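Only one structure is covered here, and it is reproduced in the block below.
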2 protein chains.
Amino acid sequence: MSSVKPPKRRRARLDRAAIVEAADGIIARAGPDALSLRTVAKELGATPMALYRHVPDKDALLVLVLNALYERLPRPRLPRDPRGRLIALWIHLHAGLARYPWVVDALLNSDTIAPAVLPDIEAILEASLAAGLTLEQAARLYRMVWQHTVGELAVQSATAARTTPQKSAVLRTMKSAPPQRFPLLAKAAPHWAAVRAKSLYRDGLVALIDAALTTRTCGRQHPRP
Amino acid sequence: MSSVKPPKRRRARLDRAAIVEAADGIIARAGPDALSLRTVAKELGATPMALYRHVPDKDALLVLVLNALYERLPRPRLPRDPRGRLIALWIHLHAGLARYPWVVDALLNSDTIAPAVLPDIEAILEASLAAGLTLEQAARLYRMVWQHTVGELAVQSATAARTTPQKSAVLRTMKSAPPQRFPLLAKAAPHWAAVRAKSLYRDGLVALIDAALTTRTCGRQHPRP
DNA sequence: ACCTGAACACCGTTCAAGT
DNA sequence: ACCTGAACACCGTTCAAGT
C-alpha cells in the first residue's frame, strides 16, 4: 500500500474570520484597550506575526471587527418619505458605530469604509436625490452629517469612559470659575451635567438635514412629492 | 570674609513654561507624532522623569500647549447681534483648535478645558441668552456645537494627514463598487473628492444655531431686537 | 504557503535613590 | 526640592529563518 500524498494542503491554522472573532471576543470581555495584535495572537495560540498573513495591520483588523458587527445588526424599517428615510438611515449608521466608537479613529486613520455600510451609503444618496438634492449637494450633506456623527461618537464615548461623572475636571473648572468674571459659567454648571446625560445626535442630525433640504428663507420650502 | 549661604535657593533648571515651549517647538519642527515626554526631556537636556515635577502627565502637557497657542491668538471682532456673535465666537474657537487638532483627543480623554478659552465660553453663553435661549437651552446648544466642532476637526485633520489624496482607500472603494448594485456611489465619487477640499464647518454651525434659535415651525421666528 | 523567534525602535509611568 | 537611573509593562512592525 503506497502512501500517496493527498493533493489538498494542510489547512492553515489561522484565517481571517477566526482572527476577527478572537478580536471581537477580547473586546467583549476585556474592553478595547486590551486589544493588541499580541493579545489576539495569544488567544489563538499563535505569534503576533502570524496575523500579518491574514490581515494588513491593526487598523484594518478594527475595521473588520466593525464590519462583522454591522452585518449582524438588524435592518431598520425605512419610512417612505425621503427625509424620514435619510434620518432613519443615519440613526442606524450611528447606532452601529456607537457600539464600537473607538473604531472611528481607525476608520479615519486608514481612510477606509467597512464594506457592510456601502448599501446604507447608497440608500442615503438615493434618499437625498429623492428629496430633491443634486448629487453634489447630497455628497456635501453626507460629509457634513458624517462629521457630525464622528463628533458625537467621540464626545459621547469619552464621557462614557469616565466612570465617576461627579469629579469631571471640566465641571470642576466651571464651578470654580470666579463668578464675578464668569457669572454664566458657574450658573450653567448644573445644566452641563444634565445635558451630558442624553444624546443630542438626533436633534443635530435633523437640523443639518432640514437646513440642506429647505432653503434658508423660511417662506420657500423644498417641494415634497 | 565669611561666606554666608544666600537664602534664595538655586533656581530649578526646569519649569512649566520651558517645558511647554519645548513641546511647542518639537511640534512645530517635527510634527505632533514626534512629541513624547522623552523627546521633550532630551530637548531640555533632562530626564523624562524630571518633567513629572512640573506637569501631571502627557495629556495635561498637550492641553497646556493648546492653551499657550490660544492665548497668542488675536481676538476676533464680534458683531453686535447675538446670532452673529455666536457664529463668530465658534469660528474663532474652531480656528484655534484647528491649528492643533490632535489636542482634541487629549481634551476629551482628560475631560479638561484650556483655561484660555473660558472667556469665550462665557461669551458664547452670554450671546445665547441675548438671543433668547434659556440657560439650559444654551448649554444644550453649546454641547451640540462642541460635538460638531470635534467631528469636523477629526475628519479634517485625518484628511489633511493623507499626503496623496488620489489614492484614498475610501474613494477607491466607491469607484470600484459594482455600478449595478451601487449606481449612485460610483457616480458620486468625483463629487466626494471635491467636497473634501473645502471646510463645511461654517455651514453646519449656522444650521445648528439657527435650528436652536428659531422654532421648527417656519412661521414663528425668534424675535430679534 | 504559513508560521516562528528574535529584534528594532519606541511608548508612558513608577519606584527608589541621589544631591 | 529637584532630578537621575533603572526598570516595568507594554506597543506595532520588520526581517531572516524555519518547516
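Values below: all heavy atoms of this structure, side chains included; hydrogens, waters and symmetry mates excluded. Just so it is clear: chains get the letters A, B, ... in the order the sequence lines come, proteins before strands, and each one is counted from 1. Fair warning: this is a prediction, and the values are worked out from it, not measured in the lab.
Of the listed nucleotides (D:dC3, C:dT4, D:dG12), D:dG12 has the atom at the smallest distance from the side chain of A:Lys58. When distances run from any side-chain atom of B:Thr39 to the nucleotides D:dT13, C:dC11, D:dT4, the shortest one goes to C:dC11. Of the candidates D:dT13, D:dG12, C:dG12, C:dG12 carries the atom nearest the B:Ser36 side chain, counting heavy atoms from C-beta on.
Remark: P of C:dC11 and CG of B:Asp59 are 16 Å apart, rounded to the nearest angstrom. Atom C1' of nucleotide C:dA17 and atom CZ of B:Arg53 are separated by 12 Å, given to the nearest angstrom. What separates CG of A:Asp15 from C1' of C:dA1 is a distance of 14 Å, to the nearest Å. Summarising the geometry, the separation between CG on A:Leu44 and C1' on C:dC3 is reported as 13 Å, rounded to the nearest angstrom. One interatomic measurement links the two molecules: CG of A:Leu61 to P of D:dG12, which rounds to 10 Å at whole-angstrom precision. The distance from atom CG of B:Leu51 to atom C1' of D:dA1 is 16 Å, rounded to the nearest whole Å. In this structure, the CG atom of A:Asn109 is 15 Å from the C1' atom of D:dC11, given to the nearest Å. Distance, B:Asp57 CG to C:dC11 P: 16 Å, rounded to whole Å.
Only at 4.0 angstrom or more do the heavy atoms of residues 21-35 of chain B sit from any atom of DNA chain C, so none qualifies.
Every residue two or more places apart in sequence or in another chain was checked for a ring-ring contact (aromatic ring centres under 6.0 Å, His included) with A:His191, and none qualifies. Scanning for side chain to side chain donor-acceptor pair (under 3.5 Å) contacts around B:Thr149 gives B:Tyr201, with sequence neighbours left out. Annotation: side chain to side chain donor-acceptor pair (under 3.5 Å) contacts of A:Thr173 (sequence neighbours excluded): none. Legend: residues meeting side chain to side chain donor-acceptor pair (under 3.5 Å) with B:Ser157, ordered by chain and number and at least two apart, are absent. Residues passing the side-chain contact (heavy atoms from CB on, under 4.5 Å) test with B:Arg53: none are found, sequence neighbours excluded. Evaluation of the side chain to side chain donor-acceptor pair (under 3.5 Å) rule for B:Arg77 yields no partner, not counting sequence neighbours. With sequence neighbours left out, the ring-ring contact (aromatic ring centres under 6.0 Å, His included) criterion links B:Trp192 to A:Tyr142. The salt bridge (Lys or Arg N to Asp or Glu O under 4.0 Å) test applied to B:Glu126 returns B:Arg85, not counting sequence neighbours.
Rounding to the nearest 0.5 Å places OG of B:Ser199 at 4.0 Å from CD of B:Glu152.
Here the side chains of A:Leu141 and A:Leu86 are in contact, with some heavy-atom distance below 4.5 Å.
Residue pairs meeting the ring pair (Phe, Tyr, Trp, His ring centres under 6.0 Å) criterion with at least one partner in residues 16-38 of chain B, sequence neighbours excluded, are absent.
Look at the P atom in both D:dA9 and C:dA9: the space between them is 24 Å, to the nearest Å.
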task = With pairs defined as Watson-Crick or G-U wobble and both distances under 3.5 angstrom, please note down DNA chain D as a dot-bracket string, | for pairing with another strand.
result = ||.|||||...|||||.||
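Between B:Arg13 and C:dT19 there is no side-chain polar atom (N or O) within less than 4.0 angstrom of OP1 or OP2. In terms of phosphate contacts, A:His54 brings a side-chain nitrogen or oxygen within less than 4.0 Å of OP1 or OP2 of C:dC3. Between C:dT14 and B:Tyr52, no contact under 4.0 Å exists linking OP1 or OP2 to a side-chain N or O.
Side-chain contact annotation: A:Tyr52 with A:Asp57, donor-acceptor N/O pair under 3.5 Å absent.
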Protein-nucleotides 5-7 of chain D N/O pairs closer than 3.5 Å?
none

